Amino acid sequence: MLNTTKTERRKLRTKANDFLQLMIDAGEKEILESSEIDKKIYLDDDTIDAQSLLFLIAGYETSSTLLSFAIHVLAAKSDIQNKLRTHIKDITEGKEMSYELLAQLDYLEGFLLETLRMYPPLARVDRICTKEYILPGTSIKIEPGNVVAIPVYGIQMDPDIYPEPNEFIPERFTEENKKERPSHLFLAFGAGPRNCIGKRFAMISAKLAMVALLKKFKFSLCEKSVHPVVFEKKGILLKAANGLWVHIENINQKQD
Ligand code: HEM
């Protein structure tokens, strides 16, 4: 698909207002402005393809993974589901949805962050060492160029950081409780200058989706549900081994 689109746009000189076009233009700019023949083309075709794929995985699969696990939690925990529905109703009923209204949904925010703690779509982030470092209290030396894997899932399920890690507790993410933990101990969106660029957008879209779903549907476990979740061992993103199955009931059926 990418190859066809790139070829078509280059041949016909057509332009679109999208991410792919930005990259095609950036790549071409380098070629046109280059006076030296061997000047490196920063965005070559492989880079454009890799970035396009990464954006799809980074932007869509992560958000849909969060929503899938969130719905599984709702199905498994009816008390939390009821509390969340009442919370949403209390804050949003009769009002037009807005950014400000979404910001008031603090229990929903805690619910989503707790889902991301127990089910981080990216269970590991990597960094490349730039400066020699000896792990404190050990003789383990990390050399420049070494890849360091940071175990997001391991950190977020560590009982010394999150007591009773297998318990789903949205209140762990109230403003007061968050202040008590160093912020880098929640790593579902990574940390530092290369953390997730889509973090705010992801939280807003997930909140909007949850508001719409909870107003209309009730979720419960069904025969095919597996709880606690068993994870797939392979894969880029965290995934349930046999999928996430729930029973969905339309609670507005009579009115609809
Ligand atoms: C629940 C949803 C999401 C989760 C859990 C998530 C998680 C992450 C994580 C863990 C990283 C790596 C951070 C690091 O290495 O420190 C990352 C990077 C990134 N994410 Fe997200 N993400 C989500 C949604 C999105 C969305 C909606 C977009 C785009 C609209 C996006 C775009 C990116 C990009 C471009 C990067 C690479 C940033 C860089 O290297 O500078 N993500 N994300």
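When reading the values below, keep in mind they use all heavy atoms of this one structure, side chains included, and skip hydrogens, waters and symmetry mates. What you are looking at is a predicted structure, and each value in this text was computed from that prediction instead of being measured. Numbering of ligands and ligand atoms starts at 1, following listing order.
Looking from atom 29 (C) of ligand 1 to the surrounding protein, the closest heavy atom is G59 CA, 3.9 Å. With hydrogens left out, the protein atom closest to atom 4 (C) of ligand 1 is F189 CE2, 3.5 Å, a heavy atom. Of all protein heavy atoms, the one lying nearest to atom 38 (C) of ligand 1 is N195 O, 3.8 Å. The single protein non-hydrogen atom nearest to atom 31 (C) of ligand 1 is A58 O, 3.6 Å, given as residue, atom name and distance. Closest protein heavy atom to atom 12 (C) of ligand 1: V125 CG1, 3.9 Å. Protein heavy atom at the shortest distance from atom 15 (O) of ligand 1 is R127 NH1, 2.8 Å.
How far CE of M203 is from CG of L113: 4.0 Å, rounded to the nearest 0.5 Å. Atoms NE2 and NE2, from H72 and H227 in turn, are 5.0 Å apart once rounded to the nearest 0.5 Å.
Residue nearest to atom 17 (C) of ligand 1, selected from P193, S63, C196: C196 (by heavy-atom distance). Selection from D126, T62, L122 by nearest heavy atom to atom 9 (C) of ligand 1 gives L122. With distances taken over non-hydrogen atoms, the option nearest atom 7 (C) of ligand 1 out of G190, A188, P121 is A188.
The residue Y60 has no part lying near ligand 1, judged by heavy-atom distances below 4.0 Å.
If you chain together hydrophobic residues whose side chains sit under 4.5 Å apart, I204 and F111 fall into the same group.
Contact analysis puts F55 in contact with ligand 1, with a non-hydrogen atom separation below 4.0 angstrom. By the 4.0 Å heavy-atom criterion, M203 is excluded from the residues contacting ligand 1.
Close approach of ligand 1 to F201 (heavy-atom distance below 4.0 Å) involves ligand atoms 27 (C).
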Evaluation steps, side chain to side chain donor-acceptor pair (under 3.5 Å), between D44 and T47
CA-CA 5 Å; D44 59 18; T47 309; 2.5 Å; yes
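By the 6.0 Å contact criterion, CG on D158 is enclosed, its count of non-hydrogen atoms from other residues, nucleotides or ligands being greater than 12. Heavy-atom neighbours of K215 NZ from other residues, nucleotides or ligands within 6.0 Å: above the threshold of 12.
On a distance-only criterion, R194 and ligand 1 share at least one N/O pair closer than 3.5 Å. Residue A191 has at least one N or O atom closer than 3.5 Å to an N or O atom of ligand 1. Between L66 and ligand 1, no N or O atom pair is found at a separation short of 3.5 Å.
Judged by the 6.0 Å distance and 45° axis criteria, K77 is not positioned over the aromatic ring of F168. Cation-pi contact between R200 and F189: absent, since separation from the ring centre below 6.0 Å together with deviation from the ring axis within 45° is not met. Relative to the ring axis of Y162, R172 does not place its NZ or CZ within 45° and under 6.0 Å from the centre.
Under the 4.0 angstrom criterion, atom 33 (C) of ligand 1 counts as having a protein heavy-atom contact.
We find that E114 and R117 are joined by a salt bridge, their nearest charged nitrogen and carboxylate oxygen being less than 4.0 Å apart.
Under the 3.5 Å distance criterion, with hydrogens and angles disregarded, a donor-acceptor pair is assigned to the side chains of Q21 and D25.
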